Structures are given as structure tokens and as C-alpha cells.
> 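Pasting a structure here, questions to come.
All values derive from a computational prediction rather than experimental measurement. Start at 1 and go down the list; that is how both ligands and their atoms are numbered. Sequential numbering from 1 along the given sequence is applied to the chain's residues.
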Amino acid sequence: MASKQCPHAADCPLFAAFQVRAFLRIWQMNYCDATFERCVRYQRIVEGKEVPLSLMPNGKQLPDLGAPKKE
Ligand code: SF4
């Protein structure tokens with residue numbers, strides 16, 4: 001099956017965070033690269049609403065992650 005990536009991946013700051021933090025990549029796999037229509041962030045963008053940086057795809061708040069570690 002062809003990849004179906006969220007059309008907002010390029011400008012979504014959370015997508016970028018998922019890519020640099022391996023333990024968050026599960027979110028990318030389950031939402032950004034799969035069923036992005038379920039993502040609360042995506043839904044808010046479509047509705048023209050503000051999207052807080054800390055809002056996770058499931059509607060919960062992202063804990064403060066600090067700066068990414070160098071690997
Ligand atoms: S977090 Fe949501 S809005 Fe951002 S790229 Fe992933 S699916 Fe799209």
C-alpha cells in the first residue's frame with residue numbers, strides 16, 4: 001500500500017519533533033504516515049483553529065521534552 005502522509009507534515013512542528021526523537025516516532029507511524037485524519041492537530045488546522053505546539057495527535061498534551069539529546 002502506498003504511503004499516505006499528512007499534507008501538513010512539512011510545516012507541523014510536532015512532525016519534526018517526532019523525527020528527531022526516536023521514542024516519539026510511533027506517533028508519526030500511527031498518525032502522520034497513516035491515518036492523519038484522526039489527528040486532532042490536523043483536524044484543528046482544517047477547521048482553521050489555533051494548534052498549540054504541545055497538542056498531541058490524540059488530543060493530550062505533550063510533556064516538556066527539553067532539547068533533543070545528541071545520538
Ligand atoms: S502531528 Fe498531525 S498535523 Fe502534524 S504532521 Fe502529524 S498528522 Fe499531520
Side-chain angles (χ1 to χ4, degrees):
M1 186 165 67
S3 173
K4 190 180 113 183
Q5 191 172 73
C6 175
H8 297 289
D11 54 4
C12 177
L14 209 55
F15 184 84
F18 293 161
Q19 299 215 303
V20 296
R21 294 178 174 89
F23 69 97
L24 292 177
R25 212 159 283 155
I26 190 78
W27 291 96
Q28 180 185 340
M29 290 165 54
N30 286 330
Y31 285 90
C32 316
D33 294 341
T35 53
F36 60 82
E37 298 92 341
R38 294 186 306 131
C39 174
V40 173
R41 297 180 66 87
Y42 174 83
Q43 292 166 7
R44 289 183 70 91
I45 292 169
V46 169
E47 293 167 3
K49 294 179 179 170
E50 182 188 347
V51 183
L53 178 60
S54 59
L55 182 66
M56 295 295 283
N58 65 354
K60 297 193 173 173
Q61 294 295 310
L62 180 72
D64 183 13
L65 299 173
K69 289 180 188 165
K70 293 194 173 164
E71 294 178 19

> Could you identify the single nearest non-hydrogen protein atom to atom 4 (Fe) of ligand 1 and state the distance to 0.1 Å?
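The answer is Cys12 SG, 2.4 Å.
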> How far is atom 3 (S) of ligand 1 from its nearest protein heavy atom, and which residue and atom name does that atom have?
Tyr42 N, 3.7 Å
> Using a 4.0 Å cut-off to any heavy atom of Ala9, which atoms of ligand 1 qualify?
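Answer, ordered by atom number: 5 (S).
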> Could you confirm whether Cys6 has any N/O/S atom lying under 2.8 Å from atom 2 (Fe) of ligand 1?
no
> Could you list the atoms of ligand 1 found under 4.0 angstrom from a heavy atom of Phe36?
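Near Phe36, meaning under 4.0 Å from one of its heavy atoms, ligand 1 has 7 (S).
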> Taking the side chain as everything from C-beta on, heavy atoms only, tell me whether Cys12 gets closer than 4.5 Å to Phe18.
no
> Within the structure provided, determine whether Cys32 and Arg41 are in side-chain contact (heavy-atom separation under 4.5 Å).
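No, every pair of side-chain atoms sits at 4.5 Å or beyond.
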> Is any side-chain heavy atom of Tyr42 closer than 4.5 Å to a side-chain heavy atom of Thr35?
no
> As an exercise, identify every atom of ligand 1 less than 4.0 angstrom from a heavy atom of Phe15.
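Numbered from 1, ligand 1 contributes 5 (S).
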> Do Pro57 and Leu14 touch side chain to side chain, with heavy atoms closer than 4.5 Å?
yes
> If the cut-off is 4.0 Å to any non-hydrogen atom of Cys32, which atoms of ligand 1 fall inside it?
1 (S), 5 (S), 6 (Fe), 7 (S)
> Using every non-hydrogen atom in the two residues, find where Gln61 and Leu55 come nearest and quote the distance to one decimal.
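Here Gln61 and Leu55 meet closest at NE2-CD1, 4.0 Å.
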> Please report which non-hydrogen protein atom sits nearest to atom 2 (Fe) of ligand 1, along with the residue it belongs to and the distance in Å to one decimal place.
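For this ligand atom, the closest protein heavy atom is Cys39 SG, 2.4 Å.
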> Does Phe15 reach the side chain of Cys6, with side-chain heavy atoms less than 4.5 Å apart?
no
